[in-house]
Amino acid sequence: QVQLVESGGGSVQPGGSLKLSCAVSGFRFDTSAIGWFRQAPGKEREGVSCISRDSGYTYYTDAVKGRFTISRDNAKNTVYLQMDKLEPEDTAVYYCAARLFWYRGSCPRGENEYKHWGQGTQVSVSS
C-alpha cells in the first residue's frame, strides 16, 4: 500500500534550520511527483514546494523562496525539504504528498492534485 512518512521536524529559534524527510513506499517513486504542504492552526493548508519525478523541475511558494530547498533521492525513495533562515511564520505541520504516475516534466501545485499524504511533522519556530 502507498505510504509516506515525514520526519525531521522540531523546535528551533528564528534563523535556525531544519531538514525534513519524506520516506515513501508502496508505489513507483520514480514515476511520482512529490509536494510539500503546511498547515498552521486556524489556517488553510498551503503548498510550499514540489518536485518532478526526475528533479528537473521545482517550485517554491514566494514565502519560502531563497530559504527552502527541495530535493529527492530516487535510489532511497526519499524527498527532502531543507529549511534555512526559519521564521515564526513557518510554524506549521508539514506534510508530504504524492501524485502517482506523473510523467510530465513539472509538478502539480494544488493540494487537490495529490491523493496520497503523510501524517505530517511539526515545525515550531519561536524565540
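From a predicted model like this one, the values you see are computed outputs, not experimental measurements.
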A.B. asks: Can you confirm whether more than 12 heavy atoms, excluding those of Gln119, are under 6.0 Å from its CD atom?
C.D. replies: no

A.B. asks: Is there a side-chain contact between Pro14 and Ser127 (heavy atoms, below 4.5 Å)?
C.D. replies: yes

A.B. asks: I want to know whether Tyr114 and Phe37 have ring centres closer than 6.0 Å.
C.D. replies: yes

A.B. asks: Side-chain heavy atoms under 4.5 angstrom apart, residues restricted to Ile, Leu, Val, Met, Phe, Trp, Tyr: same cluster for Val24 and Ile51?
C.D. replies: yes

A.B. asks: Tell me, do Leu18 and Leu86 make a side-chain contact under 4.5 Å, heavy atoms counted?
C.D. replies: yes

A.B. asks: Quick check: do Val125 and Glu87 have side-chain heavy atoms less than 4.5 Å from each other?
C.D. replies: no

A.B. asks: Can a donor-acceptor pair be found between the side chains of Ser17 and Asp84 at a distance below 3.5 Å?
C.D. replies: yes

A.B. asks: Compare all side-chain heavy atoms of Asp73 with those of Tyr80 and state whether any distance is below 4.5 angstrom.
C.D. replies: yes

A.B. asks: With a 4.5 Å cut-off on side-chain heavy atoms, are Ile70 and Ile34 touching?
C.D. replies: no

A.B. asks: Evaluate side-chain contact (heavy atoms from CB on, under 4.5 Å) for Asp90 paired with Phe68, printing each intermediate quantity in order.
C.D. replies: CA-CA 11 Å; Asp90 296 318; Phe68 291 12; 3.9 Å; yes

A.B. asks: Within 45° of the axis and under 6.0 Å from the centre of the six-membered ring of Trp36, does NZ or CZ of Arg38 qualify?
C.D. replies: no

A.B. asks: Does any non-hydrogen side-chain atom of Ser32 lie less than 4.5 Å from one of Phe27?
C.D. replies: yes

A.B. asks: Taking all atoms of both residues into account, what is the closest heavy-atom pair of Gln122 and Val93, and its distance?
C.D. replies: OE1-CG2, 3.3 Å

A.B. asks: Can you confirm whether Leu4 sits close enough to Glu6 that some side-chain heavy atom of one is under 4.5 Å from a side-chain heavy atom of the other?
C.D. replies: no

A.B. asks: Answer yes or no for Arg53 and Phe29: cation-pi contact, defined as NZ/CZ to six-membered ring centre under 6.0 Å and angle to ring axis within 45°.
C.D. replies: no

A.B. asks: Establish, yes or no, whether the cationic atom of Arg45 lies under 6.0 Å from the six-membered ring centre of Trp117 and within 45° of the ring axis.
C.D. replies: yes

A.B. asks: Looking at side-chain heavy atoms only, is the closest gap between Gln39 and Tyr94 below 4.5 Å?
C.D. replies: no

